[in-house]
Amino acid sequence: MAEAADIQGTVPSPARRWLRRTAALLAGAPLLAGLLQLPAATAASAEEPTGSRTVDVSLDTLAPSAPVEGDTLTVSGTLTNKSRQTVTDARVDLRIGPRMTSRSQIEQVSGRTGFRQGSDPAPLGGTYTVKIPRLAAGLSKEFILSLPVAKLGLDDPGVYQLGVSLSGQTAAQPGERVLGIERTFLPYQPEATEKKTQLTYLWPLISSARVSAQTGTDDQQTPVFENDDLAAEIAPGGRLDHMVTLGKELPVTWVIDPDLLATVEAMTRSYQVKSGTTTVPGTNQSVAKRWLDSLEKAVVDRKIVALPFADPDIASLAHRGKDVPGSLSHLQPATELAATTVETILHVKPSTDFSWPVDGAVDPSIMDVATSAGAHKVIARSDSFRDDLPYTPTAARPIGGGTTAVVSDAYLSTAFEGDLARTGNSTLAVQEFLAQSLAVTLEQPDQQRSVVVAPQRMPTTAQAQTMASALRGLSAQRWTEPLDLIAAAAVKPDPDASTAVPGVSRYPQALRRQELPVQAFRDMKDTREELDDFKVILTQADRVVTPFGTAISREMSTSWRGQAPSASLYRIEVLEYLRGLTEEVRLIEKSDLMLSGRSATIPVTVQNKLLQGVDHLVLRLTSGNKTRLKLNGGDAVAELPVRISAGHSQSVKFTASANANGPVPMKAQLFTEDGTPYGQPMTFTVKVSEITPTVMLVLAGGVLLLVLAGARMYTQRKRAAARNAEAEADKADKAEDSDGGEDAEAEDAQDADPEQPSDPTPDTGPESGAPSGPGEKVDR
């Protein structure tokens with residue numbers, strides 16, 4: 001923080017050390033779990049797969065993903081023999097199932113494993129197979145199958161099951177049988193539908209909180225980052241770099257956490273990164289500038305939804321923080337800051353009318369908190385808003401009070417979760433997404449509906465690439481057409497769709513366990529209150545209020561889910577740093593005083609080590625014994641204003657009057673002008689040693705005697721000088737008569753007995769006999 005002297009390098013508090021150890025243990029937990037489970041995994045691997053699980057069939061590509069008549073379908077993949085036996089006389093076949101009539105059928109097929117005789121369709125056979133003479137144990141082999149779409153037997157538009165199987169035999173399993181199979185889906189809609197589904201796809205640009213409350217001592221208040229990990233995400237090839245590169249070519253609605261923009265924008269200039277107990281300069285300015293420039297170009301003329309600054313965890317606030325005073329006070333300012341941040345950095349005016357609870361899970365309390373942030377539209381999910389309808393209804397649903405629930409489709413929104421780094425998994429996800437989207441349209445082909453897809457907040461690079469592949473598969477717009485989120489929220493709602501907000505009991509327990517604890521909001525309250533007390537004494541309060549205000553917003557970020565130790569450590573460091581700053585304005589310890597006399601001045605020193613001035617402080621001094629020592633003319637308590645420049649100290653002086661001898665306990669305490677105590681009180685003792693009236697009379701008499709004695713001595717000296725002068729004159733007359741000459745007599749008189757001057761004026765002036773005035777003597 002720019003306002004403090006160098007307070008880095010302090011020993012971490014026990015709480016901070018404990019949290020760091022906990023975070024380290026949790027980070028190592030997966031590795032430990034893996035080691036503990038190693039024997040079990042080894043035992044499991046000893047069980048040799050048999051039947052249709054003997055060979056793993058992976059589908060790497062399926063092109064085109066949504067073929068039309070006249071296309072040639074190409075399927076490529078990889079076969080891996082997972083058994084200990086060599087597979088011989090094998091072949092790869094395509095299996096095209098019947099047309100599916102509902103979304104639930106697609107879900108059922110996607111959950112199947114292994115070959116099911118009677119349920120899985122027969123192979124096409126003929127020339128559309130690939131021979132695999134031999135596949136040794138543990139080895140893999142790639143394959144490619146191509147055939148005209150006309151040969152697939154696709155009679156009507158719809159979704160068809162497509163299976164790729166490997167049939168063969170092993171020494172342990174003689175005779176031809178299915179040794180491996182993989183299923184996927186083939187959406188077939190050769191002509192554009194009359195009523196296309198309006199598809200809204202959210203494209204989230206969200207990351208973790210990176211910036212601390214600390215800033216540099218310069219005029220620019222150089223920000224201090226917790227780490228420099230964000231550079232890897234925005235660098236070429238990084239997660240957020242891919243999101244921008246892919247998103248600019250796709251018909252999506254950008255959903256942005258403005259804190260991410262503010263953080264990257266700060267990286268374009270000078271910034272510091274924590275390194276142990278000190279900081280080091282950040283070096284990724286060029287990376288940040290490049291990413292921001294790419295993003296600004298990508299969002300030109302596009303719709304942007306800005307979440308409240310730092311993407312606050314609405315559900316945690318509703319369930320854990322709502323009852324902690326002041327917790328909701330940050331939502332409205334966070335929404336206002338979101339708008340200015342996006343417009344300032346990207347030069348695009350965003351919509352701030354949306355709230356997005358985690359996974360779209362809602363209940364009445366979440367809805368209340370979401371709207372308190374100024375949002376009138378809440379992005380929910382269909383597994384929270386459940387409908388008993390044979391079709392997928394339009395997303396927008398008015399729920400009363402001027403609030404609209406924009407209900408995203410649960411299956412489409414979760415289609416790209418999990419490990420999609422494997423090409424086979426990515427291909428399956430794309431085909432299922434396309435199949436589900438076509439099934440939605442075919443549910444009611446004569447009714448146009450609006451469907452919203454809200455994927456995970458922070459997709460991995462592989463997940464983002466898979467999402468982009470799926471959206472490209474819809475680019476022909478044969479059964480869907482793109483619609484932005486703002487427009488989707490305004491679509492006429494389906495009167496049969498549910499508008500009842502789910503009850504609290506239906507909120508998923510798995511999500512509830514990840515919420516910020518009540519203590520987190522108590523910590524935020526402590527920080528907020530101490531910041532309020534601190535800012536009133538500062539002459540440049542914005543230098544403190546702004547970084548700490550945004551830090552408190554980051555403390556309630558959704559990005560802390562699943563990172564409880566790190567979240568707690570961040571909160572503790574923010575509060576400790578604030579307290580370190582407040583302690584830079586303090587009372588200097590004072591030793592006991594000795595007070596002699598009726599009255600004196602008692603100084604108390606206030607030190608300001610901040611790099612800005614302080615004002616609106618009052619120093620209160622209290623006498624523990626009013627009878628013995630009074631302040632400011634008779635009171636037990638005295639107050640004086642305090643105003644100190646940056647890096648200076650001020651001695652505040654109180655007038656005291658003593659009535660009796662003895663020790664008097666004193667207490668000094670700083671207060672803000674509204675009467676709130678500031679900092680720790682200081683105590684010291686004043687030992688009174690009073691000079692009584694009798695002693696004063698004796699002293700005055702002694703002074704008078706000294707003055708009289710001096711006057712007498714002066715008179716006697718004057719008389720003696722006069723006598724000496726007369727005697728010298730007589731001698732001179734006699735000498736003149738004896739020599740007979742005026743000049744000679746004078747000369748002889750001078751040689752014989754020269755004249756002596758009188759005593760000079762005394763060097764000590766006459767002193768008054770009156771009693772001395774009141775004085776001060778303060779001995780440390």
Side-chain angles (χ1 to χ4, degrees), residues 52 55-80 87 89-101 105-106 109-110 112 115-135 140-168 176-192 423-439 442 469-470 472-476 478-479:
S52 60
V55 176
D56 177 70
V57 181
S58 173
L59 302 183
D60 299 334
T61 63
L62 193 155
S65 56
V68 296
E69 192 173 356
D71 286 341
T72 295
L73 180 69
T74 300
V75 180
S76 68
T78 304
L79 309 169
T80 302
V87 174
D89 301 325
R91 71 174 187 275
V92 178
D93 289 300
L94 278 180
R95 299 170 182 261
I96 301 297
R99 179 178 178 272
M100 297 183 177
T101 59
Q105 279 188 307
I106 298 174
V109 171
S110 66
R112 290 180 189 171
F115 178 74
R116 294 187 182 184
Q117 186 70 40
S119 296
D120 286 305
L124 288 177
T127 59
Y128 306 115
T129 63
V130 175
K131 300 292 185 180
I132 308 292
R134 178 183 175 88
L135 184 61
S140 298
K141 185 176 182 61
E142 296 179 348
F143 69 90
I144 296 179
L145 270 171
S146 293
L147 73 164
V149 171
K151 299 296 184 181
L152 294 175
L154 308 178
D155 299 327
D156 298 311
V159 177
Y160 293 84
Q161 175 185 329
L162 185 149
V164 178
S165 63
L166 176 82
S167 301
E176 183 180 283
R177 63 187 66 197
V178 176
L179 299 179
I181 187 171
E182 183 63 270
R183 301 178 186 85
T184 188
F185 305 97
L186 195 67
Y188 181 64
Q189 182 65 44
E191 302 291 337
T423 306
N425 293 345
S426 177
T427 300
L428 295 180
V430 169
Q431 294 306 124
E432 289 181 30
F433 180 88
L434 297 178
Q436 285 282 354
S437 66
L438 177 56
L442 296 180
S469 297
R472 292 190 196 103
L474 295 173
S475 60
R478 293 196 296 273
W479 64 87

side-chain contact (heavy atoms from CB on, under 4.5 Å) evaluation trace for I181 with V57: CA-CA 6 Å; I181 187 171; V57 181; 5.7 Å; no

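- For E142, the CD atom is loosely surrounded, since the number of other residues' heavy atoms within 6.0 Å does not exceed 12.
- One N or O on the side chain of S475 and one on the backbone of R472 form a donor-acceptor pair closer than 3.5 Å.
- Of the N and O atoms on the side chains of S76 and T61, at least one donor lies less than 3.5 Å from an acceptor on the other residue.
- Side chain to side chain, S58 and D56 fail the donor-acceptor criterion of an N or O pair below 3.5 Å.
- Contact of the S426 side chain with the S469 side chain is not registered, since no non-hydrogen atoms from C-beta on lie closer than 4.5 Å.
- A donor-acceptor pair under 3.5 Å links the side-chain atoms of S437 to the main chain of L434, judged by distance alone.
- Remark: F143 CZ to I132 CD1 distance equals 8.5 Å, nearest 0.5 Å.
- Salt bridge R183/D120: present, at least one basic N to carboxylate O contact under 4.0 Å.
- Residue L186 holds its CG atom at 6.0 Å from CG of L154, rounded to the nearest 0.5 Å.
- Atom CG of L145 and atom CG of L94 lie 4.5 Å apart (nearest 0.5 Å).
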Go through the steps for V55 and T80 under the test side-chain contact (heavy atoms from CB on, under 4.5 Å), then give the verdict. CA-CA 5 Å; V55 176; T80 302; 5.7 Å; no

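- Shown here are the side-chain contact (heavy atoms from CB on, under 4.5 Å) partners of D93, two or more places apart in sequence or in another chain: R91, P123, T129, S165, S167.
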Full working for side-chain contact (heavy atoms from CB on, under 4.5 Å) between I144 and V130: CA-CA 8 Å; I144 296 179; V130 175; over 6 Å; no

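- The CG atom of L428 sits 9.0 Å away from atom CZ of F185, with the distance rounded to the nearest 0.5 Å.
- Between the R478 side chain and the A66 main chain, a donor and an acceptor come within less than 3.5 Å of each other.
- Residues meeting the side-chain contact (heavy atoms from CB on, under 4.5 Å) test with Y128, sequence neighbours left out: L147, P148, K151.
- Between the side chain of Q436 and the backbone N or O of E432 there is no donor-acceptor pair closer than 3.5 Å.
- In this structure the side chain of T101 never reaches within 4.5 angstrom of the side chain of V159, judged on heavy atoms.
- Side chains of T427 and D60: no donor on one and acceptor on the other come within 3.5 Å.
- In the displayed structure, R112 atom CZ is contacted under 6.0 Å by more than 12 heavy atoms of other residues, nucleotides or ligands.
- Residues P64 and L73 share a closest heavy-atom pair of O-CD1, 3.8 Å.
- Of all heavy-atom pairs between S65 and G473, the closest is OG-CA, 4.0 Å.
- Using a distance-only test at 3.5 Å, with no hydrogens or angles considered, no donor-acceptor pair links the side chain of R99 to the main chain of Y160.
- Closest heavy-atom contact between L438 and G158: CD2-O, 3.6 Å.
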Stepwise side-chain contact (heavy atoms from CB on, under 4.5 Å) test for I106 and Q161: CA-CA 8 Å; I106 298 174; Q161 175 185 329; over 6 Å; no

Could you walk me through whether T78 and S140 satisfy the side chain to side chain donor-acceptor pair (under 3.5 Å) test, starting with their C-alpha distance in whole Å, then the side-chain angles of each, then the deciding distance to 0.1 Å, before giving a yes or no? CA-CA 7 Å; T78 304; S140 298; over 6 Å; no

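- D71 contributes atom CG, which lies 9.0 Å from atom OH of Y188 (distance to the nearest 0.5 angstrom).
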